[in-house]
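Encoded as structure tokens, the structure appears first; notes follow it.
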Amino acid sequence: VLSEINATQNFDPGAASTGYGLLLHDSELNVLERVVVSYNAEVGIGLLGALTDDNLLIGMTVIGNDSGIELEEADGNVVSNTVVIYNSDGVQFFGSAADNVLSGMVVTDNETGFYAEAAATDNLLAGRMVLSNVDGCALAAPGALAMDPVTCLPTGSEVELILAPTPEST
């Protein structure tokens, strides 16, 4: 269990950097809660690799990164009650990322809210969602994420959607 950590990147040009605030690579059964991941050169939170399964991320704050949350080849992970704000890309699904659940998310004031490649399938949005981004989504295939690829609205009846701008974006 990783709890109450601040993963803020040091932008000192002489400092070594992976570009990731938090990286789980081929790692499973982790619980991360109440972690702030901010201002990293590349990715705030990366869940990468075919063996990165069944992780639970609760109450995360992901702010000011190039990419907020990136799931690549990762399956069966749950991200809940998380704020993804002021990133270039909010949440991205690459490769065959599948069967991941995003619940109770605030994804707002990012350039693109959600991006999913065609190979990413059966990822679910559930619970209360607050969405307000410059470009709502970029989905390569309708099955990648439970969102309409044109309107970027969640398609599941279990989603309570709030499409209100945040005070900062008005």
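For the numbers below, each heavy atom of this structure counts, side chains included, while hydrogens, waters and symmetry mates do not.
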Flag side-chain contact, heavy atom, 4.5 Å: Leu71 against Val91
yes
State, yes or no, whether a side-chain contact exists between Asn100 and Val78 at a heavy-atom distance under 4.5 Å.
no
Where do Asn87 and Val62 land on the side chain to side chain contact (heavy atoms under 4.5 Å, CB included) test, with the steps shown first?
CA-CA 8 Å; Asn87 302 284; Val62 184; 4.3 Å; yes
With rounding to the nearest 0.5 Å, note down the distance linking CG in Asn77 to CG in Leu24.
8.0 Å
Run Asp66 and Val43 through side chain to side chain contact (heavy atoms under 4.5 Å, CB included) and show every step you take.
CA-CA 6 Å; Asp66 188 46; Val43 178; over 6 Å; no
Please report the shortest heavy-atom distance between Thr82 and Leu57, naming the atom on each side.
OG1-O, 4.3 Å
Any side-chain to backbone donor/acceptor pair from Ser27 onto His25? Under 3.5 Å, distance only.
no
Contacts of type side chain to side chain contact (heavy atoms under 4.5 Å, CB included), residue Ile58, not counting sequence neighbours
Glu33, Leu56
Side-chain heavy atoms of Asn65 within contact of Tyr86, under 4.5 Å
no
Contacts of Asp26 meeting side chain to side chain contact (heavy atoms under 4.5 Å, CB included) (sequence neighbours excluded), chain-then-number -> Leu51, Thr52
As a quick check of understanding, evaluate side chain to side chain contact (heavy atoms under 4.5 Å, CB included) for Leu47 and Glu72, giving each step before the final call.
CA-CA 6 Å; Leu47 300 168; Glu72 184 173 341; over 6 Å; no
Within a strict 4.5 Å, meaning less than it, do heavy atoms of the Val84 and Met105 side chains meet?
yes
Could you tell me if the side chain of Val107 sits less than 4.5 Å from the side chain of Phe114, heavy atoms only?
yes
Please output the side-chain donor-acceptor pairs of residues 92-99 that fall under 3.5 Å, not counting sequence neighbours, one pair per line with the distance.
unit_1	atom_1	unit_2	atom_2	d
Gln92	OE1	Ser67	OG	2.7
Gln92	NE2	Asp89	OD2	3.2
Ser96	OG	Glu73	OE1	2.7

CA sep, side-chain torsions, deciding dist, call: Leu23, Leu48, side chain to side chain contact (heavy atoms under 4.5 Å, CB included)
CA-CA 8 Å; Leu23 174 62; Leu48 310 179; 3.4 Å; yes
Asp54 CG to Leu29 CG distance, which is reported to the nearest 0.5 Å:
5.5 Å
Taking all non-hydrogen atoms of both residues into account, name the closest pair between Ala118 and Thr121 and its distance.
O-CG2, 4.3 Å
Flag, side chain of Asn55 to backbone of Asn30, donor-acceptor distance under 3.5 Å:
yes
Heavy-atom closest contact (Met60 atom, Arg34 atom, distance):
SD-N, 4.4 Å
